[in-house]
Amino acid sequence: MGSLPFTVSDLQTSTNGARSSPTLLCTPLMGTTVDQMLIEMGKAKEIGADVVEIRLDCLRTFNPRQDLEILIKRSSLPTLVTYRPIWEGGQYEGDENKRQDALRLAMEMGANYIDVELEVAHDFNSSIDGKKPDNFKVIVSSHNFHNTPSAEAIGNLVARIQATGADIVKIATTALDITDCARIFQIMVHSQVPTIGIVMGERGLISRLLSPKFGGYLTYGALEAGAISAPGQPTAKDLLDLYNFRLIGPDTKVYGIIGKPVGHSKSPLLFNAAFKSVGLDAVYVHYLVDDVEKFFNTYSSIDWSGCSCTIPHKEAALKCMDEIDPIAKKIGAINNIVRRPDGKLIAFNTDYIGAISAIEDGLRGLNGTIPSAGSPLAGKLFVVLGAGGAGKSLAYGAAQKGARVVVANRTFERAKELADKVGGQAMTLAEVENFHPEEGMVLANTTSVGMKPKIDLTPISKEALKHYCVVFDAIYTPKDTRLLREARETGAVVVYGTEMLIRQGFEQYKNFTGLPGKMHHIVVEALKHYCVVFDAIYTPKDTRLLREARETGAVVVYGTEMLIRQGFEQYKNFTGLPAPEDLFRQLMEKHA
């Protein structure tokens, strides 16, 4: 069941497919009562769905004639009625004749579509022959909850579905690898009848997102994240607002982030907002990738225009590249891949630019200095936790700025290999606890310790953090990790992983598009998701970050506030007296 390369000719066919109208967005109604479904209908309309799927098998009690009349007649959107039996992944366990009677009744009462399973479709379609109303369509569906068959087997399945008299073909398979989606894309591109192609599971997400590119008749978007009707189903809101579903078409260029895990990544939020702001026909998606080489070999068309690369693929992807930027080659890890018009893959590393510049600004804020020709990292003892792709970027970047680099890793051998390359010192993660040859060191965590869902973990104790003046954490889910909270409590300036994400995103955007980074648009879009924004920098007091946060309606907290409040505590520790808070604030206002 290997995947064939997805070629330029496949994509060119998509512009000449059987269906030219836009792909519909269908929202399943999963309420257990008729009243709940009516409420859900209103929400679906408000969100922007085109069709609602009435899942009769979700109803706890069902009176066919009464309930169908209410649900169909009171819907302000076209209706697709599904009564899925348990043997096809649904919840209905009753009499088969009664189930099919309900579907025929839905047709008579004005449903726009019904979904019937391949196993019973021939007999069902025969029973309504000559009775179908105008503008009524039968979707004949097949669900495979185990795997995605070969392209040949899927082609045969399509033929079987067509032979039942289906108006619309629906095939749902299960993704064991992201490359399984390519076979469904090929079917949709070449199909001569309206086709719904879905690959279930997180690895199949792109089959849903990119349905408009490959001519899919419709795709499904849930009302809420917890109310999905099939594995891997995104929400309708994410389809419309995060992935710009309405803007995707046959010529849309596809970008994305490859990783494992990858669902936590905020990169689609940044890049899709940036693409939309300049009218670029492109979309940026999540790619859950197991085998990097297989991924690039399968999605080899120039329409798969580039990607970001995160844990654990930053090093493995190197061997798949045709060209590697000299700096990325020195680092030995990549995070940005661009496919040139000739199809060749070119790799870059923008992590080190984003992270190092953010840490430098943190140091400048701590020291009250303004940017100058020299780096505030020069001469600093810079401790990097982790020797993977991000660790390599930080170690290389810090060394380039004149820092004295220490690399700590779970395995000493890997730490030493990286340390030797940057002229630094190596140790194990355990040894970092008692490593404090001087005060005012800089710490950069590039391990996954503390990432969701294990947010209570931290790579280093609070006691050990007392020897650092600046602490950076590459993790950004959660944004405020335990490491950063405890670093703040010790008086260190903290630098968030989101800052690295945004800054390296500027560089990737330029590499992807050849356009200047729309920094303002990207940052403001990202800031919309925060209700409070704090900046540790206090020179200037009103930083660009805080000004743009105010534009989005967020409450801003100045770095001077941190300085004043920690000053209160120091004053009390020095004197045993309450701090003169008003005096502190007046002086800071005057001299900040």
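These values consider heavy atoms only, across backbone and side chains, with no hydrogens, waters or symmetry-generated copies. The model shown is predicted, which means the values in this text are computed figures rather than measured ones.
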[X] side chain to [Y] backbone, donor-acceptor under 3.5 Å:
X    : Y    : value
K380 : G440 : yes
R339 : G306 : no
E433 : S461 : yes
R503 : S357 : yes
S448 : M451 : no

**Steps toward side chain to side chain contact (heavy atoms under 4.5 Å, CB included) verdict (L385, V432)** = CA-CA 9 Å; L385 305 183; V432 176; 3.9 Å; yes
**Prompt:** What's the verdict on salt bridge (charged side-chain N to carboxylate O under 4.0 Å, His left out) for R208 and D238, showing C-alpha distance, side-chain angles and the deciding distance?
**Reply:** CA-CA 12 Å; R208 300 173 182 276; D238 277 351; over 6 Å; no
**Asked** I327 and Y396: side chain to side chain contact (heavy atoms under 4.5 Å, CB included), yes or no, with the steps?
**Response** CA-CA 9 Å; I327 294 175; Y396 176 85; 3.8 Å; yes
Residue pair [X] / [Y], side-chain donor-acceptor N/O under 3.5 Å:
X    : Y    : value
T298 : T179 : no
E431 : T428 : yes
D473 : T481 : yes
S308 : N336 : no
T350 : Q504 : yes
T148 : R183 : no

Looking at [atom1] of [X] and [atom2] of [Y], how far apart are the two atoms once the value is rounded to the nearest 0.5 Å?
X    : Y    : atom1 : atom2 : result
L270 : F275 : CG    : CZ    : 10.5 Å
N272 : Y243 : CG    : OH    : 8.0 Å
H286 : I206 : NE2   : CD1   : 12.5 Å
I198 : N144 : CD1   : CG    : 13.5 Å
H313 : D291 : NE2   : CG    : 8.5 Å
F185 : S211 : CZ    : OG    : 8.5 Å

**Request:** May I ask you to check whether Y299 and Y287 place their ring centres under 6.0 Å from each other?
**Result:** no
**Message:** With a 6.0 Å cut-off on the ring centroids, do Y255 and F512 count as close?
**Reply:** yes
Minimum heavy-atom distance between [X] and [Y], given as atom pair plus value:
X    : Y    : answer
V493 : L366 : CG2-CD1, 3.7 Å
Q186 : A151 : OE1-CB, 4.3 Å
L484 : V494 : O-CG1, 3.4 Å
A487 : L465 : N-CD1, 3.6 Å
V289 : K260 : O-CB, 3.6 Å
A225 : I228 : O-CG2, 3.5 Å

Within the structure provided, determine whether [X] and [Y] are in side-chain contact (heavy-atom separation under 4.5 Å).
X    : Y    : answer
F472 : M500 : yes
Y509 : V278 : yes
T411 : R414 : yes
V283 : N244 : no
V442 : L363 : yes
M200 : F145 : yes
V199 : T173 : yes
V495 : V470 : yes

**Where at least one partner belongs to residues 462-471, residue pairs that pass side-chain hydrogen bond (donor to acceptor under 3.5 Å, both in side chains), sequence neighbours excluded** = E439-H467, K462-E489, E463-K466
Before accepting this row, confirm whether a basic side-chain N of the pair [X]/[Y] lies closer than 4.0 Å to the acidic partner's carboxylate O.
X    : Y    : answer
D351 : K392 : no
K344 : D342 : no
K510 : E507 : yes
K237 : E224 : no
D456 : R482 : no
D480 : R488 : yes
D325 : K329 : no

**Asked** Taking only residues two or more places apart in sequence or in another chain, which ones pass ring pair (Phe, Tyr, Trp, His ring centres under 6.0 Å) with F245?
**Response** none
**Message:** Atom NZ of residue position K401 - does it have more than 12 heavy atoms of other residues, nucleotides or ligands inside 6.0 Å?
**Reply:** no
**Message:** Walk me through whether N349 and S393 qualify under side chain to side chain donor-acceptor pair (under 3.5 Å).
**Reply:** CA-CA 8 Å; N349 189 305; S393 301; 2.9 Å; yes
**Request:** Tell me, with the steps shown, if F382 and M441 meet side chain to side chain contact (heavy atoms under 4.5 Å, CB included).
**Result:** CA-CA 6 Å; F382 190 97; M441 299 185 292; over 6 Å; no
**Message:** One pair to check against side chain to side chain contact (heavy atoms under 4.5 Å, CB included): I258 and F295. What are the steps and the verdict?
**Reply:** CA-CA 9 Å; I258 63 173; F295 173 82; 3.9 Å; yes
**Request:** Using the six-membered ring wherever Trp is involved, compare the ring planes of H264 and Y476 and label them parallel, tilted or perpendicular (cut-offs 30° and 60°).
**Result:** tilted
**Asked** Run the salt bridge (charged side-chain N to carboxylate O under 4.0 Å, His left out) check on R203 and D290 step by step: do they pass?
**Response** CA-CA 9 Å; R203 288 169 176 81; D290 298 284; 2.7 Å; yes
